[in-house]
Structures are given as C-alpha cells and as structure tokens.
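The shown structure was predicted, so the numbers you read here are calculated from the model rather than taken from an experiment. Heads up: numbering here begins at 1 and tracks the sequence.
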Amino acid sequence: MREILLPSGEAVPVLGIGTWGMGEYPGNAAREAAAIQMALDLGMSVVDTAEMYGDGAAEELVGKVLAARRSEAFLITKVLPHHATLRGTIAACEGSLRRLGTDTIDLYLLHWRGVVPLAETLEAFERLQRAGKIRHWGVSNLDVADMEDLVRLPGGQKVATDQVLYNLTRRGIEFDLLPGCVGQGIPVMAYSPLEQGRMLDDPALVRVAARHGVRPAQIALAWVLRHPLVLAIPKASSPQHVRECHHALDVQLTLRDLADLDRAHPPPTHKRVLEVI
Ligand code: NAP
C-alpha cells in the first residue's frame, strides 16, 4: 500500500480504519472485530480510536482484536480536551493503554482544543513519549490559527498530524489548512471521509462510480487519497465494507472525473472555518 511519511520519517499506510461507534452493542462486536481483523489483513493498519468512543468501549474492542497482533497495527487514540492537563493527559493515557491492552500507543492525539493551554498538553505528550507510553503525538480539529499557536511552541513542530473532517462535500481545508500543513510536512488525516455514509447517493459520485464500475464509497475514498499528504480512516464495521474501502486504492481518477466532482462540489475560494462533525 502507498505510504505517507510522518515528520519523524516513519512511514504509515494511507488507508486505515476508524472505530467511532464500534464496541457499543455486544450483538455487533463479532462483526466489528472481524472488520478490524480484515483491515489488518489488508494492510490498512492505521487503527483510529478514542477514549471518547463509547466511553472506552471502542478502545476495549480494539484491544481485544490487537491482543494477538499488536505489532501489525499503527494504533491511534485520543485524549479528551477536558482531560488534557498535565496530570489529566497522563491519567487518560494510562486508561487508554489499559483498555487497549498495550504498553505503547503509536500516535496520541488531542481530540480537539479546549481550555487547557496547548503548552501544558504538549508537555504531557513529551513526558509520555520519554516514558515510552506513546511514540508520536498529534492533534485533531485544529484550524489554521490553532496550528500556528501549536507550532510556535517549543517542540510544537513535532506534531505528527492534524486529524480533521475532509471529504468531497467538506472541502474548506483546501483553502488554507491543507496547504499550510503540506508546507510544513505535516500529513493531514481525513476523518469521516464518507461523510458518515450520507454522501454515497451524491449524483456526481454515483456517475463517476458508474464510469469506473465501482461503488460510490470507493470513489469518495479515492478522491480523498488523491492528495499525496492525506491519509483516510473510514469507519467500516463489516469485513465486506472494509474490502470495498480497500479497493478504493485501485481506482485511478481521471481529469474528467476530478472536473465532474469539482463542478458538483467546487473547491473553496475563501476561508471557511474548520468544520467538525
Ligand atoms: P465515515 O468513515 O465517513 O463513514 C462511516 C459510514 O460509512 C458507516 O455508516 C459505514 O457503514 C459506512 N461505510 C463504510 N464503508 C462503506 C462502504 N464500503 N460502502 C458503503 N458504506 C460504507 O464516518 P466516521 O465514522 O465519522 O469517520 C471515520 C473515523 O474517523 C471514525 O470512525 C473515527 O475513528 C474518526 N473520527 C474522528 C473525529 C475527530 O474528531 N477526530 C470525528 C469523526 C470521526 P458500516 O459501519 O455499516 O460499515
């Protein structure tokens, strides 16, 4: 699979799996676990979760799956902003490590910016890194001004990613945040790349999908992944959906496809405040 370099020089696959909503209903657990297993089988090894998801239930599900194959995953979880003080971040990380059944998180993100100063959260991240509890740290839902505040801090340039809402119907970041991150070599991780399933009957997407003989979800993912410094973490909670997402990597969008999609969903021409889901 194509890979993207983190600022540390470590390569990660461009396509992973999200887990928001997983682990919440026991009746779905076997199918969701099978979906994560399938993602690992296919090399979609970036597994994204958060302490927030199901109040830890998603982390517990991920932990069960990774028990036998931890080394195959690039594991991401997130600290809630109201936990993101120096002591709170360390305590939250310990809780995540316990639920995930691992000694180390590969990438630990601040879920969004709250009232705790970024410098304090950064200090916690650095302590966790020195203790070997996290390998990299990053942020989520930070717009341009927040990213500027972050990279101005000592050590702030080591941010591994900004995980943000990005898909064909949410293109605001193309105006400033995305070029700004690219300019600094910071990969952007696209969350909700399928707009949580709501965009899959979009007429332009359906037309392009028909041209390629694939499903709209695959075009939606191929479109996000057309950018060399963007990763995507679709949530697919069945092995079948994971397989379909994986096939997006085989789709080569043409200039005509891109023009059709642009016409239906034009790129931004002015600053838009970063959208969140
Ligand atoms: P998403 O990935 O855009 O969409 C998920 C929806 O798409 C689910 O309903 C899923 O159905 C469906 N789907 C997946 N593969 C499909 C396929 N091949 N064909 C048709 N439908 C398909 O939405 P998301 O869960 O919001 O975003 C992905 C991940 O990003 C999350 O799970 C989470 O890890 C992360 N995230 C982060 C933030 C943040 O603030 N940092 C916010 C939102 C999301 P099934 O479940 O039935 O497969």
Side-chain angles (χ1 to χ4, degrees), residues 1-4 12-22 32 35-36 38-39 42-50 53 58 74 76 78 107 109 111-112 138-143 161-175 177-178 181-182 186-202 204-206 208-209 212 214-238 240-253 257-258 260-262 264-268 272 274-277:
M1 185 180 305
R2 185 161 67 81
E3 293 181 320
I4 279 185
V12 290
V14 292
L15 187 60
I17 183 165
T19 65
W20 190 13
M22 290 194 194
E32 292 164 350
I36 302 170
M38 176 63 69
L42 295 172
M44 294 162 59
S45 56
V46 174
V47 180
D48 180 79
T49 189
Y53 301 163
F74 184 88
I76 305 174
K78 314 183 192 80
L107 176 57
L109 305 180
H111 209 145
W112 64 90
V139 292
S140 179
N141 297 303
L142 259 59
D143 205 347
T161 193
D162 189 8
Q163 184 184 106
V164 294
L165 175 59
Y166 184 49
N167 63 51
L168 180 64
T169 67
R170 312 270 202 159
R171 299 185 64 170
I173 67 165
E174 289 175 31
F175 186 74
L177 183 62
L178 181 55
C181 286
V182 169
I186 303 167
V188 165
M189 193 174 296
Y191 75 66
S192 308
L194 304 173
E195 186 62 13
Q196 300 189 323
R198 289 185 294 269
M199 66 190 280
L200 300 180
D201 58 356
D202 178 90
L205 209 53
V206 169
V208 174
H212 286 262
V214 301
R215 293 182 178 269
Q218 292 161 325
I219 299 296
L221 288 175
W223 183 87
V224 166
L225 295 176
R226 81 203 183 288
H227 194 287
L229 214 58
V230 175
L231 305 93
I233 45 163
K235 193 262 281 185
S237 42
S238 65
Q240 175 61 22
H241 273 175
V242 172
R243 254 187 252 107
E244 287 178 14
C245 290
H246 183 256
H247 282 309
L249 297 164
D250 301 328
V251 175
Q252 287 291 329
L253 295 176
D257 298 332
L258 293 172
D260 285 353
L261 296 171
D262 275 351
H265 300 282
R272 289 189 204 155
L274 179 63
E275 294 178 280
V276 296
I277 231 157

**Student:** Between CH2 of Trp223 and CG of Leu205, what distance do you get to the nearest 0.5 Å?
**Tutor:** 10.5 Å

**Student:** Can you name the closest pair of heavy atoms from Pro187 and Leu231 and give their distance?
**Tutor:** CB-CD1, 3.8 Å

**Student:** To the nearest 0.5 angstrom, please state how far the CG atom of Asp257 sits from the CD1 atom of Ile219.
**Tutor:** 6.5 Å

**Student:** Could you give me the CA-CA distance, side-chain angles and deciding distance for Ile233 and Ile17, then say whether side-chain contact (heavy atoms from CB on, under 4.5 Å) is met?
**Tutor:** CA-CA 5 Å; Ile233 45 163; Ile17 183 165; over 6 Å; no

**Student:** In Å and rounded to the nearest 0.5 Å, what is the CG to CG distance from Asp262 to Leu168?
**Tutor:** 8.5 Å

**Student:** Quick one: closest heavy-atom pair of Pro268 and Gly172, and the distance?
**Tutor:** CG-O, 3.8 Å

**Student:** How close do Val208 and Leu253 get, heavy atom to heavy atom, and via which atoms?
**Tutor:** CG1-CD2, 4.3 Å

**Student:** Over all heavy atoms of both residues, which pair between Leu221 and Ala248 is shortest? Give the atoms and the distance, please.
**Tutor:** CB-CB, 3.6 Å

**Student:** Calculate, to the nearest 0.5 Å, the distance between atoms CG and CD belonging to Leu249 and Gln218 respectively.
**Tutor:** 10.0 Å

**Student:** Among Leu15, Leu42, Val12, which residue meets the side-chain contact (heavy atoms from CB on, under 4.5 Å) test with Met1?
**Tutor:** Leu15

**Student:** How far apart are the closest heavy atoms of Glu32 and Gly21, and which atoms are they?
**Tutor:** OE2-O, 4.0 Å

**Student:** Can you label the angle between the Tyr53 ring and the His111 ring as parallel, tilted or perpendicular, going by 30° and 60°?
**Tutor:** perpendicular

**Student:** With a 6.0 Å cut-off (strictly less than), is the heavy-atom count around CZ of Arg215, excluding the residue itself, greater than 12?
**Tutor:** no

**Student:** For the pair Ile76 and Thr49, evaluate side-chain contact (heavy atoms from CB on, under 4.5 Å) and give the outcome as yes or no after the intermediate values.
**Tutor:** CA-CA 6 Å; Ile76 305 174; Thr49 189; over 6 Å; no

**Student:** Between Glu174 and Arg226, is there a side-chain N and carboxylate O pair less than 4.0 Å apart?
**Tutor:** yes

**Student:** If you define the side chain from C-beta out and look only at heavy atoms, does anything of Val276 sit under 4.5 Å from Tyr191?
**Tutor:** yes

**Student:** Starting from the C-alpha separation in whole Å, work towards a yes-or-no answer on side-chain contact (heavy atoms from CB on, under 4.5 Å) for Leu194 and Asn167.
**Tutor:** CA-CA 7 Å; Leu194 304 173; Asn167 63 51; over 6 Å; no

**Student:** How many angstroms lie between CD in Gln196 and CG in Leu165, if you round to the nearest 0.5 Å?
**Tutor:** 8.5 Å

**Student:** Rounded to the nearest 0.5 Å, how far apart are OG of Ser192 and CH2 of Trp20?
**Tutor:** 6.5 Å

**Student:** Go through the steps for Val47 and Thr19 under the test side-chain contact (heavy atoms from CB on, under 4.5 Å), then give the verdict.
**Tutor:** CA-CA 8 Å; Val47 180; Thr19 65; 4.2 Å; yes

**Student:** Report the residues that fulfil side chain to side chain donor-acceptor pair (under 3.5 Å) with Gln163, sequence neighbours left out, ordered by chain and then residue number.
**Tutor:** Asp48

**Student:** Can we say Asp143 and Arg272 salt-bridge, meaning some charged N sits less than 4.0 Å from an Asp/Glu carboxylate O?
**Tutor:** no

